[in-house]
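As the structure is a prediction and not an experimental result, all values here were calculated from the model.
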Amino acid sequence: MPIPLDCLILGGGIAGLWTLRTLVDAGVNAALVEHDALGHGQTIASQGILHAGTKYALSGDASRASKSAADAAAIWRDCLAGTGPIDLRNAGVLSPNTCMFTTPGIGSRLAGLAASKALTSGPQKLTRAEYPPAFAGAPAGVSVYQLDEPVMDLPALLETLAGPVRDRLLRARTVQLRWQNNKDQPAETSPGPQHGVAAHLTTDAGEFSITPRAIVCTAGAGNENLLAQLGLDSEIRMQRRPLHMVLARGPLPHLYAHCVGLSDKPRATITSATDAAGRTVWYIGGTLAETGIDRAPAEQIASAKRELAEIVPWISLDGVEFATLRVDRAEGFDESGRRPDTPVVRARAGHRLLADETRPRPARGGRGRRTRRPLARISRTARLRPRPASHPTPPRARNTDLGPRRHFLELTATMQLRPLGNSGLDVSALSLGTVKLGRTEGMKYPAPYDLPSDETARALLTLAADLGINLIDTAPAYGTSEARLGELLPAVGDRFLLSTKVGEEFEDGVSRFDFSPEYTRRSVERSLKRLGRDSLDMVLVHSDGNDLDIIERHGTVEALRSLQRAGVVRAVGFSPKTVEGARAAVACCDVVMLALNPRDTEMLPVLREAHAAGVGVLVKKGLLSGHLSRGRRHRARGGPHRGVPCLPARRAGGLVGGRGDDQPRSPAA
């Protein structure tokens with residue numbers, strides 16, 4: 001039986017996800033289909049600048065395009081502030097501003113001045129003392145303007161858009177559209193207004209037919225094929241404007257800027273990212289990318305090197321690697337072949353078909369009443385999921401390996417931020433445990449391991465940040481973990497909350513316990529020094545098993561509370577080993593770390609009590625130190641395993657990794 005649906009969206013870029021969020025928020029039963037990863041193609045290859053009209057006003061004429069971009073930018077800013085039609089406060093912003101700069105020549109400076117007069121985004125000419133670090137060595141005659149154009153972290157933006165509607169995303173290997181009459185029968189002749197469109201999907205889970213009341217095509221260059229299937233490609237036309245972008249990776253400063261010349265387009269537009277090894281990656285567009293479409297990659301790279309030597313001669317290219325990336329931009333048809341000034345939407349409402357141009361900008365409007373109607377009869381395995389790491393790179397994207405996460409076409413599952421009880425901390429659903437950065441002895445993992453090199457550890461930390469993980473768990477009991485983090489984190493950036501512990505110290509292959517207030521304060525001081533921090537986001541008591549004795553007699557929690565009042569510690573927690581100790585910790589701490597997995601659900605009642613009390617919960621031993629993956633399906637205490645239930649995100653914490661008996665920490669409750 002065909003699956004009924006109000007609206008089916010084809011294409012999982014920003015345009016498609018924005019449309020899906022808007023429709024679902026208005027109570028429309030909608031779903032989205034993507035054949036690859038979310039954002040694959042035009043979205044993920046864009047440079048992420050929220051244009052406010054700069055690039056469309058360089059000729060000195062604030063055109064309709066400039067005004068349209070400025071209006072759209074205002075809506076994006078509202079969304080980033082949480083006051084727009086879609087809440088994007090969790091979307092990543094790489095830079096709050098973009099720069100426009102000139103070269104020393106008089107022509108470039110005059111063009112920059114003219115553009116600054118025409119722009120609607122309020123450019124501010126900077127004094128040399130205000131120049132971003134990338135311009136520190138710029139010669140006299142270079143003018144720099146600051147533009148109110150934020151640069152988005154596109155994978156993070158896609159994750160934020162997709163998160164609330166993840167259950168409405170489908171991956172299909174193929175999509176076939178056909179006309180049908182009102183009796184759900186195929187129509188092979190020219191359809192009339194009484195006909196609708198049926199979508200036949202081939203997925204890894206099987207084949208499905210969907211009969212939506214409306215279809216919205218936001219598939220970029222893929223719209224052409226979709227419209228051709230319905231015989232509408234000559235009626236609803238699109239055009240392509242290809243780009244041949246250049247990527248540069250190496251010891252480069254972060255730069256988010258347009259270099260202006262005498263053309264009505266930027267000579268080059270450069271945005272930056274960081275790859276898994278902590279190296280800067282430049283994405284270079286602008287005139288260079290538009291005029292290089294007929295050049296071979298080697299020729300385009302040579303052109304880019306010459307252009308960079310002219311526009312940023314003070315930045316050394318020694319040790320910089322180059323690659324190219326071809327982007328097939330698709331947009332609404334214009335008789336002149338030029339870029340349309342405003343968004344283009346072509347509608348065939350009589351046939352219940354909408355073909356949405358792939359350069360949409362969000363429309364203003366409030367949210368409707370939110371009604372979540374489930375998708376009927378669609379297998380869970382048909383839902384859109386991240387492509388496995390082993391999936392081959394698409395041929396078109398093979399030369400994008402310089403990207404910050406292997407051209408970041410592999411969008412990972414949405415990493416939600418969750419309030420950690422009433423602690424005031426918002427933590428990612430998964431967190432990174434770091435025992436394997438500093439300790440190999442006395443562990444309970446299934447197999448031995450070696451400590452990673454600094455390069456590998458730095459790449460791991462960068463990848464964790466890129467995936468949306470914002471909490472790192474460490475402890476003095478993790479050997480040299482704290483000291484290594486203190487050395488490695490500056491290269492990754494200040495992107496993490498840090499949680500450590502007191503009570504246990506591991507030295508010379510032996511664990512020693514001390515829960516006295518004096519030792520607690522000394523332990524925190526040592527952790528601050530090792531981690532290179534003035535304060536710690538979270539400190540937990542690392543119990544030796546005598547939970548009640550620690551809480552009732554040693555004064556450990558009181559010592560941490562005094563440090564909290566002094567501003568040294570933000571949240572105080574406890575990692576117990578007994579149910580009684582866990583309940584006592586709920587009564588006196590901001591956070592508890594509970595062991596919970598399919599073989600051990602003993603702490604589940606305490607988890608519910610913590611939830612009710614507003615105490616944050618971090619779950620440890622979720623995979624039983626890796627042993628759950630090495631045997632048959634296990635049964636939980638008290639009956640067959642039916643999965644560990646999750647509590648609402650407003651009280652949830654995150655999963656963290658730890659050591660031996662506290663490891664690996666599992667999905668948050």
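- Applying the salt bridge (charged side-chain N to carboxylate O under 4.0 Å, His left out) criterion to Arg240, with sequence neighbours excluded, gives Glu224, Asp328.
- Taken to the nearest 0.5 Å, the CD1 atom of Ile284 stands 8.5 Å off from the CE atom of Met245.
- Of all heavy-atom pairs between Met238 and Ala221, the closest is CE-CA, 4.0 Å.
- Once rounded to the nearest 0.5 Å, the distance linking CZ of Arg173 with CG of Leu201 reads 11.0 Å.
- Side chain of Gln229 to main chain of Val175: a donor-acceptor pair is present (N/O by atom type, distance under 3.5 Å, no hydrogens or angles).
- Atoms CG and CG, on Leu38 and Leu161 in that order, are 9.5 Å from each other to the nearest 0.5 Å.
- Counting only heavy atoms from C-beta outward, the side chains of Asp537 and Leu471 never approach each other to under 4.5 Å.
- Arg171 places a side-chain N or O within 3.5 Å of a backbone atom of Asp36 that can act as its donor or acceptor partner.
- Scanning all heavy atoms of the two residues, the minimum distance from Trp179 to Leu232 falls at CZ2-CD1, 3.8 Å.
- Minimum heavy-atom separation, Thr601 to Asn597: CG2-O, 3.6 Å.
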Begin from the C-alpha positions of Trp18 and Ile86 and carry the test side chain to side chain contact (heavy atoms under 4.5 Å, CB included) through to its verdict. CA-CA 8 Å; Trp18 188 288; Ile86 295 178; 3.6 Å; yes
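- The nearest pair of heavy atoms linking Cys7 to Val216 is SG-CG2, 3.7 Å.
- Contact between Ile215 and Pro212 at its shortest, heavy atoms only, is CG1-CG, 3.5 Å.
- Judged by distance alone, with hydrogens and angles left aside, the side-chain atoms of Arg168 form a donor-acceptor pair with the main-chain N or O of Ala30 at under 3.5 Å.
- In this structure, the side chain of Asp78 does not engage the main chain of Gly84 through any donor-acceptor pair within 3.5 Å.
- Judged purely by atom type and a 3.5 angstrom limit, Arg241 has no side-chain atom pairing as donor or acceptor with the backbone of Arg329.
- Not a single donor-acceptor pair under 3.5 Å links the side chain of Thr211 to the backbone N or O of Ala198.
- Between the side chain of Thr218 and the backbone N or O of Gly11 there is at least one donor-acceptor pair closer than 3.5 Å.
- Under 4.0 Å is where a charged nitrogen must lie from a carboxylate oxygen, and between Lys620 and Asp473 no such pair does.
- From Leu461, atom CG reaches atom CZ of Phe496 across 5.5 Å, with rounding to the nearest 0.5 Å.
- Nearest heavy-atom pair, Met152 versus Val93, reported as atom, atom and distance to 0.1 Å: SD-CG2, 4.0 Å.
- Judged by distance alone, the side chain of Arg326 and the main-chain N or O of Pro242 form no donor-acceptor pair under 3.5 Å.
- For the side chain to side chain contact (heavy atoms under 4.5 Å, CB included) test, residues two or more places apart in sequence or in another chain that qualify with Asn470 are Leu417, Val427, Ser428, Leu497.
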Go through it in stages, so that I can follow the logic: the residues are Val151 and Thr98, the test is side chain to side chain contact (heavy atoms under 4.5 Å, CB included), and I'd like the CA-CA distance, side-chain angles, deciding distance and then a yes or no. CA-CA 7 Å; Val151 183; Thr98 308; 3.6 Å; yes
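- With Glu34 contributing its side chain and Leu169 its backbone, the two residues share no donor-acceptor pair below 3.5 Å.
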Passes side chain to side chain contact (heavy atoms under 4.5 Å, CB included), Ile9 versus Leu23? Steps please. CA-CA 10 Å; Ile9 301 161; Leu23 292 176; 4.1 Å; yes
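- Side chain of Thr43 to main chain of Ile14: a donor-acceptor pair is present (N/O by atom type, distance under 3.5 Å, no hydrogens or angles).
- Note that the CG atom of Asp87 and the CZ atom of Arg21 stand 7.5 Å from one another [nearest 0.5 Å].
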For Leu596 and Val617: C-alpha separation, side-chain torsions, deciding distance, then whether side chain to side chain contact (heavy atoms under 4.5 Å, CB included) applies. CA-CA 11 Å; Leu596 193 62; Val617 175; over 6 Å; no
